[in-house]
Peer 1: 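Sending over a structure as structure tokens; questions will come in a sec.
Indexing begins at 1, ligand by ligand and atom by atom, following the structure's order. Values in this document were obtained by computation on a predicted structure and should not be read as measured data. Numbering of residues begins at 1 and proceeds along the displayed sequence.
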Amino acid sequence: MIRKFISRVLGRKNPANRAEPAIIAVGQHGLKRDEISRGCRHTVESLQESGYQAYIVGGAVRDLLAGLTPKDFDVATNATPEQVRQCFRRSRIIGRRFQIVHVNVGSETIEVTTFRGHHSDNGSSKGQTDEQGRLLRDNVFGSQSEDAARRDFTVNALYYDPASETIVDYHHGVADLQQKTLRMIGDPKTRYREDPVRMLRAVRLAAKLGLSIDPAARRPIREMAELIDNVPPSRLFDEMLKLLTSGHAVRCITQLREEGLHNGLLPLLDVILEQPLGERFVMLALEATDRRVAEGKPISPGFLFATLLWHEVLAKWDLLKGKGEPPMPALFLAMDEVLHVQAGKLAITRRIAGDIKDIWALQPRFEQRSGKRPYGILQQPRFKAGYDFLLLRAESGEVDEAMSVWWTEFLYGSDEARAAMLLPPQPGEARKRRRRRRPSGDAGQTPGVAE
Ligand code: ATP
Ligand code: MG
């Protein structure tokens with residue numbers, strides 16, 4: 001009994017010490033091997049035939065148990081990357097810090113990872129973590145039980161063996177999933193310190209799976225939120241994108257606010273959400289995104305970030321115009337400033353930043369509804385995104401609905417109908433056009449907008 005007690009205490013302290021996993025039979029979990037993609041099964045079976053241990057692990061097992069379709073399949077094995085590569089002709093090792101193998105089967109790519117071990121006994125040895133306790137290296141091979149212990153949540157540490165249709169469960173993940181609980185493996189504070197992104201993952205996975213975050217994992221989030229500042233901007237961008245395109249963006253953002261996490265992410269998100277018009281606009285955009293995900297339609301990251309930051313641009317733009325800056329240059333200055341502020345925290349890629357700017361720059365041009373200009377606007381490569389953005393602005397009450405209705409009719413109208421719709425040129429506009437026509441002969445372009 002004493003031994004049992006000691007091992008229980010030790011087991012708590014260091015979850016990897018729990019060497020005996022539960023082996024859960026198909027009758028208890030219900031996951032059938034034919035729910036696994038063919039490529040993934042082939043990968044696992046080939047590794048097993050070569051004498052290695054191999055399992056499907058992580059999000060795919062979790063999602064299937066929860067009745068969702070997995071995004072992708074990950075395999076964990078005790079074979080080293082080099083050994084994995086030797087098992088598959090169409091495979092390659094990627095990554096330098098921690099190597100994984102991409103195995104191609106038909107059109108599928110399966111990610112195969114060697115079991116990872118402990119970075120140190122207490123998880124914070126010198127040189128492996130930064131001064132806040134964030135893990136800088138995580139690249140030691142280990143046993144399956146160690147691999148399970150370094151995963152984040154119990155529901156993410158399930159290993160499925162298609163041969164026996166059993167699940168190897170070290171941390172009661174199957175029971176937690178059945179009880180709709182998202183529970184951290186190990187001490188939540190330590191695990192958040194090691195990797196603050198786990199706070200965002202907690203919110204995203206809880207929203208996606210309809211789980212409630214276990215109080216022990218939920219409680220520290222508020223006080224530890226500022227550790228997010230310490231996360232590299234490119235990682236934060238990836239995680240934010242996952243969150244916003246999860247199909248549960250509204251639930252995620254709402255929960256981020258409840259947990260006090262929003263201000264660390266997009267420095268200006270709380271400001272936006274405190275302006276009623278801004279909040280309405282952002283929520284409408286997120287609802288539309290969730291709908292698109294549910295319908296299996298693609299999501300444009302540029303469009304999403306453009307919506308999140310638009311009211312910041314509007315505020316800055318107004319400020320600059322108030323100082324006497326002409327409208328278009330003022331808009332471009334405001335856009336650059338807003339994106340620059342974000343860049344410190346969130347590494348928005350250059351391509352996406354380009355998309356965002358195109359969408360924003362089109363907005364004032366929608367006011368031009370006379371002469372040849374509307375035809376030029378229709379030809380813009382990002383017209384459709386800019387137009388969808390305009391619809392949201394109108395729906396949120398920021399601009400007059402008449403303008404979006406006009407553009408919808410113009411977009412779908414016949415040539416005659418379009419011509420009949422054009423408004424008489426504004427006096428200022430006509431003058432400007434005459435001035436610009438002289439050098440270029442092109443009446444339809446606004447400098448700096450078109451690619
Ligand atoms: P999804 O694919 O739906 O975004 P996921 O849980 O599969 O969710 P991935 O980023 O694909 O997320 O990670 C695969 C697995 O790797 C997870 O299930 C988890 O076991 C482990 N993992 C991922 N990120 C972390 C982390 N920050 N800390 C510990 N384990 C992690
Ligand atoms: Mg995954």
Peer 1: Within a distance under 4.0 Å of any heavy atom of Arg204, pick out the atoms of ligand 1 and give their elements.
Peer 2: 1 (P), 3 (O), 4 (O)
Peer 1: In a check of ring pair (Phe, Tyr, Trp, His ring centres under 6.0 Å) between Phe389 and each of Phe305, Phe303, Phe366, which one passes?
Peer 2: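 Exactly one candidate clears the test, Phe303.
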Peer 1: Would you mind checking which non-hydrogen protein atom is closest to atom 6 (O) of ligand 1, with the distance to 0.1 Å?
Peer 2: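 Of the protein heavy atoms, Arg62 NH1, 2.7 Å lies nearest.
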Peer 1: Would Asp63 count as a polar contact of ligand 1, with the cut-off being nitrogen or oxygen pairs under 3.5 Å?
Peer 2: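 Between Asp63 and ligand 1, no N or O pair is found under 3.5 Å apart.
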Peer 1: Where the closest heavy atom to atom 13 (O) of ligand 1 is concerned, which of Arg201, Arg151, Arg150, Arg235 has it?
Peer 2: Arg201
Peer 1: Show me which atoms of ligand 1 lie under 4.0 Å from any heavy atom of Gly59.
Peer 2: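 Those qualifying, in numeric order: 7 (O), 18 (O).
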Peer 1: Tell me: protein heavy atom nearest atom 28 (N) of ligand 1, and distance?
Peer 2: Arg198 NE, 2.8 Å
Peer 1: Backbone or side chain, does any N or O of Arg191 fall under 3.5 Å from an N or O of ligand 1?
Peer 2: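 Not met; the criterion fails.
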Peer 1: Look up atom OG1 in Thr154 and atom CZ in Arg183, then write down how far apart they are to the nearest 0.5 Å.
Peer 2: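 Thr154 atom OG1 to Arg183 atom CZ measures 6.5 Å (nearest 0.5 Å).
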Peer 1: Checking Tyr159 against Gln53 for the side chain to side chain donor-acceptor pair (under 3.5 Å) test, could you report, in this order, the C-alpha distance in whole Å, the side-chain angles of both residues, the deciding distance, and whether it holds?
Peer 2: CA-CA 11 Å; Tyr159 299 78; Gln53 293 174 31; over 6 Å; no
Peer 1: Under a heavy-atom criterion of less than 4.0 Å, does Asp195 contact ligand 1?
Peer 2: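 Yes; Asp195 lies near enough to ligand 1 that a heavy-atom distance drops under 4.0 Å.
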Peer 1: Which option, Asp152, Asp74, Leu158, owns the non-hydrogen atom nearest atom 29 (C) of ligand 1?
Peer 2: Asp152
Peer 1: Identify the protein heavy atom lying closest to atom 3 (O) of ligand 1, giving its residue, its atom name and the separation to 0.1 Å.
Peer 2: Lys208 NZ, 2.8 Å
Peer 1: Should the pair Asp195-Arg201 be classified as a salt bridge under the 4.0 Å nitrogen-to-oxygen rule?
Peer 2: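 No.
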Peer 1: Between Glu401 and Ser404, does a side chain to side chain donor-acceptor pair (under 3.5 Å) hold up when you go through it step by step?
Peer 2: CA-CA 5 Å; Glu401 201 112 54; Ser404 66; 4.5 Å; no
Peer 1: Tell me: protein heavy atom nearest atom 1 (P) of ligand 1, and distance?
Peer 2: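 Result for atom 1 (P) of ligand 1: Lys71 NZ, 3.3 Å.
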Peer 1: Shortest non-hydrogen contact from Leu243 to Cys252?
Peer 2: CD2-CB, 3.4 Å
Peer 1: Just wondering, more than 12 heavy atoms not from Gln179 lying within 6.0 Å of its CD?
Peer 2: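 For Gln179, atom CD is crowded (more than 12 foreign heavy atoms under 6.0 Å).
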Peer 1: Looking only at protein heavy atoms, which one is nearest to atom 10 (O) of ligand 1, and what is the separation?
Peer 2: Lys242 NZ, 3.1 Å
Peer 1: Run the side chain to side chain donor-acceptor pair (under 3.5 Å) check on Asp161 and Thr166 step by step: do they pass?
Peer 2: CA-CA 6 Å; Asp161 174 15; Thr166 54; 4.6 Å; no
Peer 1: Is the shortest N/O to N/O distance between Asp72 and ligand 1 below 3.5 Å?
Peer 2: no
Peer 1: Starting at NZ of Lys384, measure out to OH of Tyr387 and round the result to the nearest 0.5 Å.
Peer 2: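 Answer rounded to 0.5 Å: 7.0 Å.
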Peer 1: Could you list the atoms of ligand 1 found under 4.0 angstrom from a heavy atom of Gly58?
Peer 2: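 Selected atoms, number and element: 18 (O).
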